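Below is one structure, written out as structure tokens, with a few remarks after it.
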Amino acid sequence: MSDPAGVSLSRSSETPAHRYGAALAARIESAWQDRWDLEGTFHTPNPTGPLCDGFDAVKDAKKLFVMDMFPYPSGAGLHVGHPLGYIATDVFARFKRMTGHNVLHTMGYDAYGLPAEQHAVATGQHPRVNTEQNIEIMARQLRRLGLGHDQRRAVKTTDREFLEFTQRIFLRIFNAWFDPDATNPLGGSGAARRIDELVAQFADGSRPTPTGQTWASLNESEQRTLIDSFRLVYSADVPVNWCPGLGTIVANEEVTADGRSDRGNFPVFKRNMRQWLMRITAYSERLVDDLDLVDWPEPVRLMQRNWIGRSFGARVKFGVPKMDKTIEVFTTRPDTLFGATFMVLAPEHELVGALTVSAWPEGTDLRWTGGAASPAEAIAAYQTAAAARSDIDRQVEMKTKTGVFTGSYATNPVNGKELPIFIADYVLMGYGTGAIMAVPSGDQRDFEFARQFGIAIDATIRPPDSWFAEQGIDPTLDCDRWGSAYVGDGSAVNSSNETLSLDGLGKADAIAAMNSWLESNACGHGTVQTKLRDWLFSRQRYWGEPFPIVHDEIGPIALPEAMLPVDLPETDQFAPRSFDADDAASEPERPLDRLTEWKNVELDLGDGRGKRTYVRETNVMPQWAGSCTYYLRYIDPTLVEALTVAENEKYWMGEKGVDLYIGGVEHAVLHLLYSRFWHKVLFDLGVVSTPEPFARLFNQGYIQAFAYTDARGTYVEASEVEERDGQFFYRGELVNREFGKIGKGLKNMVSPDDMYEAYGADTLRVYEMSMGPLEQSKPWETRAVSGAHRLLQRIWRLIVDEDSGECRVIDAAPQRDDLVVLHKTIDAVRAAMDDLRVNTPIARITELTNHLTSAYPSGAPRALAEPLVLLLAPFAPHLAEELWSRLGHPHSLIRQTFPITDPAYLSSETVEVPVQINGKLRGVVVVPTGADAAVLEAAARADEKIRAQIDDKTVRKVIVVPGRLVNFVVS
RNA sequence: GCGGGUGUGGCGAAAUUGGCAGACGCGUCAGGUUUAGGUCCUGGUGUCGAAAGACGUGCAGGUUCGAUUCCUGUCACCCGCACCA
């Protein structure tokens with residue numbers, strides 16, 4: 001056969017013309033990739049619909065839906081860290097195809113996003129152009145890896161059909177409300193229902209309106225406002241970081257410690273602003289509880305639980321008699337209510353103004369005044385200072401407690417005590433009610449505050465003696481002698497009034513007793529509080545999905561689904577309007593606001609009102625929107641006018657959802673939480689049939705790389721650094737080695753293109769899989785890649801003559817010891833794959849290869865070469881296909897049966913058993929497999945080395961584990 | 001500060017339920033082929049020691065006949081969260 005690559009290879013006369021090298025690998029790989037494309041090898045049939053061709057042939061196979069977290073098409077292209085997970089899913093998917101599964105595996109692009117928009121702002125080029133270019137580059141790099149994706153299903157979130165899909169889901173969520181009394185499909189309480197069911201309830205009177213008026217007596221505006229307040233998508237004033245200089249809202253992480261924007265260094269103002277929100281908090285209970293349904297890494301489930309932050313406690317009302325006000329607090333420790341000695345409000349709390357008295361009460365402690373002449377001055381100064389500090393800054397400065405007194409006192413409902421009310425920034429507006437009752441004996445922050453401000457500390461829990469021992473003090477209930485608050489369990493003391501006594505009760509009983517007392521006295525009730533806040537869903541940007549919403553003079557109106565999609569209008573001005581950097585009162589003007597022809601629109605919404613003028617919503621959706629439910633697009637990529645085809649959705653999602661979802665742990669909370677939320681809404685509405693989207697989640701580790709800094713701390717090009725005697729040099733200069741993420745920033749970029757060129761894609765695949773456990777982060781080392789390359793080279797040489805290129809397998813029957821090694825390898829590979837332990841199978845395949853190359857230096861028996869090729873196929877598919885074809889098989893091996901272990905070769909007649917004396921290895925005896933304890937011990941005693949060491953000693957005990965070991969305990 | 005994770009040769013790592021520590025690979029050393037190197041092949045390679053042997057899984061304890069594995073404490077590094085009442 002003609003071998004143009006061989007010509008260049010044989011420039012060096014000793015290199016055989018048909019050695020497996022980079023050039024040959026490149027030819028093999030591109031030939032097989034073309035053939036897979038041509039034959040539609042990875043086209044996976046659906047049960048029904050346009051992609052159902054060939055389903056009959058696989059209808060008895062088990063289905064398997066394997067997904068990667070799809071990438072954002074970055075302009076920098078891929079580095080060698082990106083493909084790790086993609087290779088792993090591909091290896092898994094290929095293995096599963098060879099073990100009889102119908103596998104759905106494809107890849108899409110999460111193509112809306114800020115970088116493309118910023119690129120567009122900087123260059124004036126439409127973000128779609130740049131995004132398409134990036135996708136093209138990444139698609140080429142990924143294709144070169146030989147990933148077995150069904151390309152017909154390779155969607156982009158920016159596709160018009162995908163946009164329509166996202167908007168359709170938005171409408172379903174917008175047109176739904178959460179009914180806490182409804183029964184969800186799992187049988188639990190709380191479910192999303194269609195908004196028209198709510199309207200019907202109001203209309204027929206089965207649900208009273210909040211004001212008690214009849215539905216019919218409300219005017220249109222009142223009716224719509226009422227309904228809108230129930231929707232799962234709603235607008236509200238929420239605190240945001242407004243940056244007039246950029247004209248946008250920025251994320252916390254984009255705000256520097258001194259309250260300025262990362263980009264542009266403009267001032268950032270914390271302000272309330274009208275935003276769209278999604279009512280994810282309605283689902284917090286189910287989002288926590290249903291984590292028990294999924295096979296996910298425990299740390300991720302823990303992170304989600306912590307993020308949702310469910311805690312059980314009570315809401316308690318404290319009266320402020322002089323002001324005729326009530327402060328409501330949330331506490332997790334209602335059992336300590338008798339120990340409350342002061343109250344604290346967040347500086348932004350709405351009651352602060354009303355509670356601030358005109359003059360300091362007589363005898364006010366100077367420490368409480370902040371040095372100001374009046375409470376109003378002190379409060380105003382403190383509020384200004386708190387507002388000026390960024391969130392991050394406010395959280396860092398926590399060592400000393402700060403705060404000022406409002407001059408007002410609240411009454412403790414259980415004992416009538418007067419509690420001074422402070423404001424302090426250690427209480428956050430965003431959690432609970434933004435106010436706390438302070439129990440300094442039972443909360444460390446309150447304790448520190450009380451100490452600093454000279455407030456009484458009253459014990460209401462008797463700490464155990466062991467706690468006092470740790471504190472180094474004698475047991476006492478005089479808290480002035482305590483070194484810290486006691487936050488643990490213990491029996492209550494000093495906790496009684498005329499109608500309630502907690503004294504002697506433990507924490508759980510005391511909480512229960514207090515909660516029922518609060519409820520019967522109408523000053524509180526037990527409740528569940530979460531940290532989770534509703535999802536801020538609107539962005540003042542261009543490159544995102546437009547909301548399918550228009551406004552009339554009353555408010556927002558959802559477009560009918562038939563009017564989808566709402567295309568993103570064309571423009572060449574992608575930046576929002578920016579303002580004077582210090583103009584905190586400015587209002588955002590979004591890119592879509594300027595497109596007045598698009599924005600002001602005349603439509604007939606089909607609601608019987610005919611053609612009317614509306615104003616389109618000009619916010620766009622966040623990037624998360626496209627990634628929430630993209631697995632449904634993989635199932636039916638061409639579907640329009642519906643979200644799913646039930647038969648296909650049920651088939652691919654099965655009982656529990658996507659069978660395997662691999663991605664980085666950085667998405668442990670946000671993406672996975674948003675995705676679960678949307679899925680649950682769709683589940684309640686009957687669109688999807690599983691309670692959870694992802695049955696099994698796996699987080700791959702990061703591939704990191706060394707980076708080098710010179711004497712000035714500047715990164716130098718890592719590829720040019722040389723190592724000499726454990727030190728590192730860049731152009732002769734000593735440099736310092738660091739370790740970090742791969743990328744341009746650290747000048748340690750390694751592109752897969754470099755690896756394709758030097759070794760080929762199969763080598764890269766095998767190397768990345770062999771580096772170590774998939775879930776672990778590990779450093780990249782280019783020079784180690786050669787080991788994987790040499791393995792493939794030796795396998796090639798077992799089957800192909802390097803000089804002639806002819807197949808050189810022999811027909812000789814394999815020896816028993818060959819088959820023993822083979823079947824041990826098969827067994828080990830099969831055992832590891834389900835757990836995605838991809839590194840050890842390659843070690844086993846290497847051992848098999850090493851065995852065969854030394855046993856058969858001039859060509860392996862066919863009966864060994866063929867299973868070896870099949871074992872290799874998931875990892876190095878191109879080479880395996882090529883060898884399979886050269887072994888005389890005309891068809892792809894993609895659906896060949898993966899080799900099956902013959903247990904006859906796994907057990908041998910004899911087994912080596914270690915012999916220990918006092919737990920230390922002293923010898924090894926060979927005994928028949930299955931020898932019992934007596935035989936084993938006799939054999940061990942008969943061993944010369946062992947006998948020599950135990951003869952002159954007393955054997956006190958003999959431990960025999962048949963098949964495992966013998967241990968003599970001697971004195 | 002809180003939560004989670006990880007610590008094993010020069011390096012990446014391996015070691016079903018506690019039972020032969022270091023499989024496999026990189027690097028390195030020696031030899032072979034070639035000989036200009038490199039490629040390729042074979043063998044050695046945890047540390048100390050001439051050997052016998054001793055020591056050895058971050059460190060210090062504990063449980064056990066026996067611990068990389070279980071428990072307690074501690075140190076280092078990485079990741080996440082940020083006063084969550």
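Protein chains get the first letters and strands the later ones, always in sequence-line order, with residue 1 at the start of each. Bear in mind the structure is a predicted one, so any value in this text is a computation, not a measurement.
Note: A:Tyr702 and A:Trp780 fail the aromatic proximity criterion, with ring centroids not under 6.0 Å apart. Ring-centre distance between A:His789 and A:Tyr767: not below the 6.0 Å cut-off.
Whole-Å rounding puts the A:Gln444 CD to B:rA85 P distance at 15 Å. Atom CD of A:Glu937 is separated from atom P of B:rC65 by 17 Å (rounded to the nearest Å). Taking atom CZ of A:Arg837 as the reference point, atom P of B:rA13 lies 17 Å away to the nearest angstrom. Atom CG in A:Leu670 sits about 9 Å away from atom P in B:rC81, given to the nearest Å. Between A:Lys531 atom NZ and B:rC84 atom C1' there is a gap of 6 Å when expressed in whole angstrom units. Between A:Phe968 atom CZ and B:rG19 atom C1' the separation is 15 Å, expressed in whole Å. Rounded to an integer number of Å, the gap from A:His789 NE2 to B:rG27 P is 13 Å. For A:Leu936 and B:rC20, the CG to C1' distance is 14 Å, given to the nearest whole Å.
Heavy atoms of A:Pro773 sit under 4.0 angstrom from primed sugar atoms or phosphate atoms, though from no base atom. If you check every strand for non-hydrogen atoms under 4.0 Å, A:Ala784 touches sugar and phosphate atoms only. A:Glu802 comes within 4.0 angstrom of nothing in the nucleic acid, heavy atoms only.
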Side-chain donor-acceptor contacts of residues 955-965 of chain A below 3.5 Å, not counting sequence neighbours, with atom names and distances?
none

task = Under the side-chain hydrogen bond (donor to acceptor under 3.5 Å, both in side chains) rule, what do A:Thr402 and A:Tyr382 come out as? Steps first, then yes or no, please.
result = CA-CA 9 Å; A:Thr402 60; A:Tyr382 193 85; 2.7 Å; yes
inquiry  = Between A:Thr281 and A:Asp534, does the side-chain hydrogen bond (donor to acceptor under 3.5 Å, both in side chains) criterion hold? Intermediate values first, please.
reply    = CA-CA 6 Å; A:Thr281 51; A:Asp534 276 336; 2.7 Å; yes
message = Please evaluate residues A:Arg315 and A:Gln529 with respect to the criterion side-chain hydrogen bond (donor to acceptor under 3.5 Å, both in side chains), reporting the C-alpha separation (whole Å), side-chain torsions for both, the decisive distance (0.1 Å), and the verdict.
response = CA-CA 9 Å; A:Arg315 289 199 172 217; A:Gln529 180 68 42; 3.2 Å; yes
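Taking each heavy atom of A:Ala340 and A:Met437 in turn, the nearest pair found is CB-CB, 4.4 Å. Among all heavy-atom pairs drawn from A:Ala314 and A:Leu518, the shortest one is CB-CD1, 4.3 Å. When all heavy atoms of A:Phe875 and A:Pro841 are compared, the pair lying nearest together is CZ-CB, 3.9 Å. Shortest non-hydrogen contact noted between A:Ile327 and A:Ala435 is CG2-CB, 3.9 Å. Shortest non-hydrogen contact noted between A:Ile308 and A:Leu673 is CD1-CD1, 4.0 Å. For A:Val925 against A:Ala939, the heavy-atom pair with the smallest separation is CG1-O, 3.7 Å.
Rounded to the nearest Å, the gap between the C1' atom of B:rG9 and that of B:rG4 is 29 Å. Using C1' as the reference atom, B:rG46 and B:rC11 are 13 Å apart when rounded to the nearest Å. On the C1' atoms, B:rG7 is 11 Å away from B:rU68, given to the nearest whole Å. Between the P atoms of B:rG66 and B:rG18, the separation comes to 16 Å (whole Å). Spacing of P atoms, B:rG61 relative to B:rC29, comes out at 39 Å, to the nearest Å. For the P atoms, the distance linking B:rU74 with B:rG19 amounts to 28 Å, nearest Å. Between the C1' atoms of B:rU63 and B:rC48, the separation comes to 31 Å (whole Å). Spacing between B:rA60 and B:rA14 at atom P, rounded to whole Å, works out to 25 Å.
Between the base of B:rC24 and the side chain of A:Asn839 there is no donor-acceptor pair shorter than 3.5 Å.
The glycosidic torsion of B:rG9 lies within 90° of 0, which places this base in the syn conformation.
For B:rC26, one of the phosphate oxygens OP1 or OP2 lies less than 4.0 angstrom from a side-chain nitrogen or oxygen of A:Arg790. Taking side-chain N and O atoms only, A:Arg922 has a distance below 4.0 Å to OP1 or OP2 of B:rA54.
Within residues 844-851 of chain A, the residues having any heavy atom under 4.0 Å from RNA chain B are, by residue number, A:Arg844, A:Thr846, A:Glu847, A:Asn850. Of the residues in residues 331-340 of chain A, those lying under 4.0 Å from RNA chain B by heavy-atom distance are A:Thr331, A:Thr332, A:Arg333.
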ask   = Which letter, B, S or -, goes with each nucleotide of nucleotides 2-12 of chain B from 5' to 3', with contact meaning a protein heavy atom under 4.0 Å?
value = -SS------SS
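Classification of the A:Phe342-A:Phe449 ring pair by plane angle, with boundaries at 30° and 60°, yields parallel.
Both A:Arg794 and A:Gly309 sit near RNA chain B, but only A:Arg794 has its closest nucleotide nearer the 5' end. Position along RNA chain B of the nearest nucleotide to A:Gln916 versus A:Thr530 favours A:Gln916 as the more 5'-ward residue.
Partners of A:Gln444 by side chain to side chain donor-acceptor pair (under 3.5 Å), not counting sequence neighbours, listed by chain and number: A:Glu448.
Secondary-structure annotation of RNA chain B gives the stems B:1-7 with B:75-81, B:10-12 with B:24-26, B:27-32 with B:40-45, B:46-48 with B:53-55, B:58-62 with B:70-74, with a stem taken as at least 3 successive Watson-Crick or G-U pairs whose two distances both fall under 3.5 Å.
When the nucleotides B:rC83, B:rA14, B:rA85 are ranked by their closest atom to the side chain of A:Leu428, B:rC83 comes out on top.
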